[in-house]
There are 2 protein chains.
Amino acid sequence: MYGNDMTNETAAISTVDAVVLAIVDDELKVLLHTRPNEPFKGYWALPGGFIHVDEDADAESAMRRILKDKAGVSGLYLEQLATYSGPDRDPRGWSISIAHLALVPSARLKIDAGKAALVSTDDLPELPFDHKKIIKDAVARLRGKGAYSTLPASFLGKDFTLTEMQSAYEVALGIRIDASSFRRKVLSLGILTDTGRSRQGDNRRPAKVYRLAKGVGTFDRTLGHSVG
Amino acid sequence: MYGNDMTNETAAISTVDAVVLAIVDDELKVLLHTRPNEPFKGYWALPGGFIHVDEDADAESAMRRILKDKAGVSGLYLEQLATYSGPDRDPRGWSISIAHLALVPSARLKIDAGKAALVSTDDLPELPFDHKKIIKDAVARLRGKGAYSTLPASFLGKDFTLTEMQSAYEVALGIRIDASSFRRKVLSLGILTDTGRSRQGDNRRPAKVYRLAKGVGTFDRTLGHSVG
DNA sequence: TCAATAGTGTCTGTCAGACATTATTAC
DNA sequence: GTAATAATGTCTGACAGACACTATTGA
C-alpha cells in the first residue's frame with residue numbers, strides 16, 4: 001500500500017478554500033470573489049488556491065497566505081472545516097480541497113467592488129466546483145458549534161457590548177434569544193472580561209463594554225435554543 | 001493563483017488514515033497494524049494508504065478500500081475526522097493525510113496477531129507520523145459528539161439492550177451515567193425501535209432488545225454529562 | 001427463598017424562557 | 001417629562017441526577 005510509485009497514484013490536485021463569513025445588516029454573508037483564472041474564469045467562487053509545498057507549513061498556512069494575497073485579510077479566526085475530494089469536482093482532474101471556515105468582523109473586510117462581494121448565505125448565486133455544498137457545511141458548522149462556544153463572538157471586534165454579542169449569536173445561529181437569559185448565561189460562564197468602559201449611542205442608556213476573557217472556547221451548556 | 005504549473009506546487013503526497021475504535025472489556029481501543037513497507041516498516045501505526053486517483057471516487061472510498069484490504073472490515077461507521085498536512089509529518093515529503101474516525105463492534109474485527117492489535121487509547125505505544133495526535137483528536141471527537149448523538153451505538157451490533165447501550169456510552173464518553181436518566185432520555189428521544197424480543201443471561205431478568213430507528217443521528221440535549 | 005439484573009416512580013436542584021420592572025442616557 | 005435601550009428580578013416548566021422501589025428470571 002505505502003508503495004514507492006507515487007507518480008500516478010497520488011496525482012491529486014491539492015488546494016485550500018475558505019468560507020469567510022461576516023455579519024452585515026443582521027444577515028450572515030459569505031465572501032465571494034471573481035475567479036481571475038481558468039477554470040471558471042470570471043465566475044463567483046470561494047477564495048482559494050493551490051497549496052505551495054515549497055513555502056506552506058501546512059494547509060492552514062496556505063489558507064492564510066491565500067486569504068492575505070487574495071482578500072487582503074489576515075489574523076482572522078480560522079478553523080478547518082472538512083476536505084472535499086474526487087475526480088469530478090474540478091475539471092482539471094482528481095482534486096482535494098481542504099476547506100476552512102473563517103469568521104471576521106465585517107469592518108475588517110475591504111471589498112473591492114467587482115472583484116469581491118459579501119453575499120447572503122440564504123441567496124447564493126450559482127457557484128462552480130462544490131462550493132455551494134461547502135458553504136452549506138460551513139453554515140451548519142457555525143450553527144452547530146456556535147450554540148456552545150464563543151465562535152459567534154469572532155464576528156465582533158475586540159470590544160463589544162452584551163447587546164452586540166447577543167445580536168451576533170442571533171444572526172449566527174439563526175434564532176432569537178431572550179436577552180435576560182443570554183446575559184445571565186454569558187456572564188455566569190465567566191468568558192467575558194469587563195473593560196470598565198461604556199458605550200453610548202443615541203438617546204439611550206450606555207452599555208458596558210466587554211471583551212473575550214480568552215480565545216474562542218467551548219462550554220457544555222448551550223446559549224439559547226430557539227424562539228420565544 | 002489557480003495557475004497551470006501544477007508540477008511542483010501541488011506535489012503533495014495524498015493519503016488517508018483511519019482511527020478504528022472499538023470497545024473491548026469496557027475499554028476504548030484503537031486498531032493498529034504493523035507497517036509492511038517503508039517508511040517505518042515493522043512499526044505499529046494507524047491503517048492507511050495512498051489515494052488511488054484512478055479508482056477512488058473520493059477520500060472516503062479510498063479509506064473504505066484500504067480498510068477492507070488491510071483490515072478486512074467493511075460496512076463500518078466512518079466519518080471524516082480532519083486533514084493533517086505539512087512537510088515534515090512524512091519523511092517522503094510534503095504530505096496530506098485525510099484522517100477518518102471509524103467505529104466498529106469489536107466482534108466484527110478479526111485480529112491477525114502480530115500484524116494487528118487493539119490497543120487501549122490510554123496506553124499508546126510510540127507511533128510514527130502524527131498518528132498519536134490523530135488518535136487523540138479522534139477520541140476527542142467521539143467524546144464531544146457522542147454525548148449528543150447515537151455515535152456510541154455504532155460500537156454495538158444491530159440489536160442491543162439498554163444496558164449494553166448505556167455501557168457503550170459510558171466507555172465512549174469516559175463517564176458514568178445514571179441508569180434511570182439514561183433510559184428515560186433515550187426512550188423519550190424516539191431513536192430506538194423495540195424489536196419485541198428479549199435477551200436473558202444468567203440468573204437475571206431478561207432485557208428488551210432494541211435497535212436504532214434510523215442511522216446515526218444527533219439530538220440537541222446531551223446524554224449524561226458526568227459522574228454521580 | 002436468594003442473587004442479580006431490568007425497569008419504574010418520585011423528589012429535588014438547576015436552569016432556560018418569559019416577562020415585568022427598574023436604571024440610565026439624550027432630548 | 002418621553003423615548004429608547006440597558007440591566008435586573010422573579011416566576012414557572014422542563015429535565016437531569018439521585019435513589020428508593022418493584023419486576024422477572026434461574027437456581
Side-chain angles (χ1 to χ4, degrees), chain A residues 26 146-149 152 156 159-171 173-211 218-228, chain B residues 26 146-149 152 156 159-171 173-211 218-228:
Chain A
D26 287 340
Y148 58 92
S149 75
L156 305 171
D159 293 353
F160 47 83
T161 68
L162 282 184
T163 306
E164 290 165 350
M165 186 181 180
Q166 179 181 341
S167 174
Y169 271 81
E170 290 184 328
V171 176
L173 303 180
I175 60 179
R176 287 202 315 108
I177 305 176
D178 177 79
S180 163
S181 304
F182 184 82
R183 308 177 80 87
R184 192 199 310 141
K185 214 171 343 179
V186 164
L187 292 176
S188 73
L189 284 169
I191 55 179
L192 295 186
T193 303
D194 190 333
T195 62
R197 288 179 291 110
S198 291
R199 177 181 302 170
Q200 57 247 45
D202 288 337
N203 282 19
R204 62 178 197 271
R205 175 175 176 175
K208 281 190 180 181
V209 173
Y210 295 88
R211 70 179 49 153
T218 60
F219 27 86
D220 41 331
R221 297 228 171 269
T222 185
L223 279 174
H225 265 152
S226 58
V227 286
Chain B
D26 287 339
Y148 58 93
S149 75
L156 305 170
D159 294 352
F160 48 82
T161 68
L162 282 184
T163 304
E164 290 166 349
M165 186 180 179
Q166 179 181 341
S167 174
Y169 271 80
E170 290 183 330
V171 177
L173 303 181
I175 60 177
R176 286 201 316 107
I177 306 176
D178 178 78
S180 164
S181 304
F182 185 81
R183 308 176 80 85
R184 192 199 311 140
K185 213 171 346 181
V186 165
L187 292 176
S188 74
L189 283 169
I191 55 179
L192 295 185
T193 302
D194 190 334
T195 63
R197 288 179 292 111
S198 290
R199 176 181 303 169
Q200 57 249 42
D202 288 338
N203 283 20
R204 64 176 195 271
R205 176 176 173 174
K208 281 189 180 184
V209 173
Y210 295 87
R211 70 178 52 152
T218 61
F219 28 88
D220 41 328
R221 296 227 171 272
T222 184
L223 279 174
H225 266 153
S226 60
V227 288

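Basis for what follows: all heavy atoms, side chains included, without hydrogens, waters or symmetry-related copies.
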Undergrad: When the distance from CZ of B:F219 to C1' of D:dC15 is rounded to whole Å, what number comes out?
TA: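 It works out to 15 Å between those atoms.
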
Undergrad: Write down the distance between CD1 (A:I177) and P (C:dG17), rounded to a whole number of angstrom.
TA: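 Interatomic distance, CD1 of A:I177 to P of C:dG17: 8 Å.
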
Undergrad: Grab the two heavy atoms, one from B:P152 and one from B:A168, that are nearest each other, plus how far apart they are.
TA: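 Closest approach of B:P152 to B:A168: O-CB, 3.8 Å.
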
Undergrad: Would you mind reading off the distance between B:K208 atom NZ and D:dT25 atom P, rounded to a whole angstrom?
TA: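 My rounded result for the distance is 13 Å.
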
Undergrad: Whole Å only: how far is the CZ atom of B:F182 from the C1' atom of C:dT5?
TA: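 In whole Å, C:dT5 C1' and B:F182 CZ are 16 Å from each other.
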
Undergrad: Tell me the interatomic distance from A:Q200, atom CD, to C:dA26, atom P, rounded to whole angstroms.
TA: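 Whole-Å distance recorded here is 6 Å.
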
Undergrad: B:E170 and B:I177: which non-hydrogen atoms are nearest, and at how many Å?
TA: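 Looking at all heavy atoms of both residues, the shortest contact is OE2-N, 2.9 Å.
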
Undergrad: Using every non-hydrogen atom in the two residues, find where B:D26 and B:S167 come nearest and quote the distance to one decimal.
TA: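 Shortest heavy-atom separation between B:D26 and B:S167 comes out as OD1-OG, 3.4 Å.
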
Undergrad: Look at B:R197 together with B:D159 and state whether they make a salt bridge at an N to O cut-off of under 4.0 Å.
TA: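 A salt bridge links B:R197 with B:D159.
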
Undergrad: Measure across A:T195 and A:Y210 and return the closest heavy-atom pair with its distance rounded to 0.1 Å.
TA: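 Distance-wise, the nearest heavy atoms are CG2-C, 4.0 Å.
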
Undergrad: Grab the CD-P distance between A:Q166 and D:dT5 for me, whole Å please.
TA: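 Computing the A:Q166:CD to D:dT5:P distance gives 13 Å.
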
Undergrad: Using a cut-off of under 3.5 Å, enumerate the N/O to N/O pairs linking the protein to nucleotides 9-13 of chain D.
TA:
{"unit_1": "D:dG9", "atom_1": "O6", "unit_2": "A:S180", "atom_2": "OG", "d": "2.6"}

Undergrad: Could you pull out all residues at least two apart from A:R184 that satisfy side-chain hydrogen bond (donor to acceptor under 3.5 Å, both in side chains)?
TA: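 A:R184 satisfies side-chain hydrogen bond (donor to acceptor under 3.5 Å, both in side chains) with no residue once adjacent residues are dropped.
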
Undergrad: Taking only N and O in the side chain of B:R183, is any of them less than 4.0 Å away from OP1 or OP2 of C:dG7?
TA: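 So the side-chain polar atoms of B:R183 do come within 4.0 Å of the phosphate oxygens OP1 or OP2 of C:dG7, strictly under.
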
Undergrad: Can you name the side-chain hydrogen bond (donor to acceptor under 3.5 Å, both in side chains) partners of A:R204, sequence neighbours left out?
TA: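 Expected list: none.
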
Undergrad: Between the side-chain atoms of A:R204 and the base atoms of D:dA6, is any donor-acceptor pair under 3.5 Å?
TA: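 Not at all, since no donor on one side and acceptor on the other fall under 3.5 Å apart.
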
Undergrad: Given atom CG of A:D194 and atom C1' of D:dA6, what is their separation to the nearest angstrom?
TA: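 One finds 14 Å between C1' of D:dA6 and CG of A:D194, rounded.
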
Undergrad: Start at the 5' end of DNA chain C and walk down; is the nucleotide closest to B:R205 or to A:P206 reached first?
TA: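 With B:R205 and A:P206 compared, the 5'-side residue is B:R205.
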
Undergrad: What integer distance in Å separates A:R176:CZ from C:dC19:C1'?
TA: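 After rounding, the reported distance stands at 13 Å.
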
